[in-house]
Enquirer: 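Below is the structure I would like to discuss, written out as structure tokens.
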Amino acid sequence: MQTPDIDSHLDDMAALSERLAGCLSVREARLLALAAATMPTSLGEVLEIGSFKGKSTTLLAKSVALAGGDRVYAVDPLIAASDTVPAMMESGENLPDVFRETIKSNGIEHIVEFHQMRSQKLAETWDRPLRLLWIDGDHSYKGAMDDFDNFAPFLQPGSVVVAHDVLHRSEGPIRMFCERMLLSRAFGPCGVCGSIGWGQYLGPDADTDAYTPEKIALFRKMSRLIQFAALGRDQATASSFGYQVLRPLVPHGAVDPQKWRAMITSNLPRK
Ligand SMILES: C[S@@+](CC[C@H](N)C(=O)[O-])C[C@H]1O[C@@H](n2cnc3c(N)ncnc32)[C@H](O)[C@@H]1O
């Protein structure tokens with residue numbers, strides 16, 4: 001794809017995201033679409049953990065198609081009673097029906113291979129390399145760590161991991177992002193956009209020293225938020241106040257698509 005195309009695609013995905021029900025801001029939708037449109041299909045598959053009503057699934061599928069791909073794997077038990085399902089269900093909605101309708105009405109049925117089960121179950125049989133891993137499922141500490149640990153062995157040097165809600169008050173995403181990505185020598189460039197934490201896996205043998213100062217600086221700012229996420233939403237006002245003061249200090253603005261793409265591409269293995 002020529003680089004100018006990406007800007008109009010991201011504008012389209014931003015507009016589409018505003019029409020879709022789900023849990024992504026426009027800034028986050030643009031980053032997710034950018035990542036899916038950037039990663040070369042030769043590096044492996046795209047896997048989404050946590051589909052809900054199909055918003056991120058749709059953005060991924062349309063962006064993968066733009067990059068010449070033909071498949072997005074997605075996994076979610078879609079059980080409305082689950083305590084990790086956001087409180088966004090309108091009464092009487094059947095989540096599997098809503099998901100299927102989103103996929104159908106956006107013309108991506110042929111691209112999405114959906115597994116209606118927990119990600120831990122899918123991990124038991126998963127055997128494919130991954131170019132993009134999107135984690136937006138169980139936000140508990142164990143759930144988020146399981147998702148990373150179960151699927152990280154399938155990352156290739158150059159693959160990208162994107163995790164949602166690292167700046168929300170769920171314990172799992174922020175701790176997983178800090179512990180497994182920012183503090184890992186196997187990750188190169190990392191950042192936060194909206195509430196998405198992203199990072200490029202370069203492998204255990206890669207020289208990632210050049211990225212360490214920025215990763216540590218981000219870790220310092222984010223690690224101060226972990227106490228609030230771990231203590232939960234219903235803490236005393238003082239805790240909430242601390243969170244409100246510290247959260248904006250984490251840089252989480254929009255990425256420049258051309259620069260982001262150039263950086264990620266420069267770290268891909270040479271053919
Ligand atoms: C925040 S929502 C995902 C939002 C979605 N990505 C979007 O774009 O709107 C979290 C989803 O994770 C799913 N989930 C919870 N535990 C899961 C697990 N163990 N494996 C896969 N999905 C899970 C929930 O059913 C819920 O639909």
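In each ligand, atom 1 is the first atom listed, and ligand 1 is the first ligand listed.
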Enquirer: Give the atom numbers and elements of ligand 1 that come within less than 4.0 Å of a heavy atom of D76.
Expert: 11 (C), 12 (O), 13 (C), 21 (C), 22 (N), 24 (C), 25 (O), 26 (C), 27 (O)
Enquirer: To the nearest 0.5 Å, what is the distance between CG (N267) and CD (Q200)?
Expert: 4.5 Å
Enquirer: Under 3.5 Å, side chain of K62 to main-chain N/O of L16, donor-acceptor pair present?
Expert: no
Enquirer: Quick one: does ligand 1 sit under 4.0 Å from the side chain of Q120, the backbone, both or neither, non-hydrogen atoms only?
Expert: side chain
Enquirer: Between S184 (side chain only) and M181 (backbone N and O only), is there a donor and an acceptor less than 3.5 Å apart?
Expert: no
Enquirer: Counting heavy atoms only, which of S119, G137, S170, P173 comes nearest to atom 18 (C) of ligand 1?
Expert: S119
Enquirer: Which atoms of ligand 1 are found less than 4.0 Å from any heavy atom of R118?
Expert: 19 (N), 20 (N)
Enquirer: Which of the atoms in ligand 1, numbered in the order shown and given with their element, are less than 4.0 Å from a heavy-atom of S51?
Expert: 5 (C)
Enquirer: Regarding ligand 1, does D136 bring an N or O atom to under 3.5 Å of one of the ligand's N or O atoms?
Expert: yes
Enquirer: Does CZ belonging to R247 count more than 12 external heavy atoms closer than 6.0 Å?
Expert: yes
Enquirer: Looking only at heavy atoms of P77, does any of them come nearer than 4.0 Å to an atom of ligand 1?
Expert: yes
Enquirer: Mind checking whether G50 has an N or O less than 3.5 Å away from an N or O of ligand 1?
Expert: yes
Enquirer: Judged by non-hydrogen atoms, does K53 sit under 4.0 Å from ligand 1?
Expert: no
Enquirer: Below 3.5 angstrom, do we get any N/O pair linking M117 and ligand 1?
Expert: no
Enquirer: Ligand 1 and K55, any nitrogen or oxygen pair closer than 3.5 angstrom?
Expert: no
Enquirer: Taking atom CD of E214 as the centre, does the number of heavy atoms from other residues, nucleotides or ligands within less than 6.0 Å exceed 12?
Expert: no
Enquirer: Give the atoms of ligand 1, by number and element, whose distance to some non-hydrogen atom of V75 is under 4.0 Å.
Expert: 21 (C), 22 (N)
Enquirer: Is there a path of hydrophobic side-chain contacts, each under 4.5 Å between heavy atoms, that joins Y211 and V250?
Expert: no
Enquirer: Run the salt-bridge test on K121 and E124 with the 4.0 Å N-O cut-off and return the result as yes or no.
Expert: yes
Enquirer: For the residue pair Y73 and H115, does the interplanar ring angle fall in the parallel (under 30°), tilted (30 to 60°) or perpendicular (over 60°) class?
Expert: parallel
Enquirer: Atom 17 (C) of ligand 1: which of D146, D138, I79, L95 has the nearest heavy atom?
Expert: D138
Enquirer: Taking the side chain from S51 and the backbone from D76, do they hold a donor-acceptor pair closer than 3.5 Å?
Expert: no
Enquirer: Pull out every atom of ligand 1 sitting under 4.0 Å from any heavy atom of G22, numbered as shown with elements.
Expert: 9 (O)
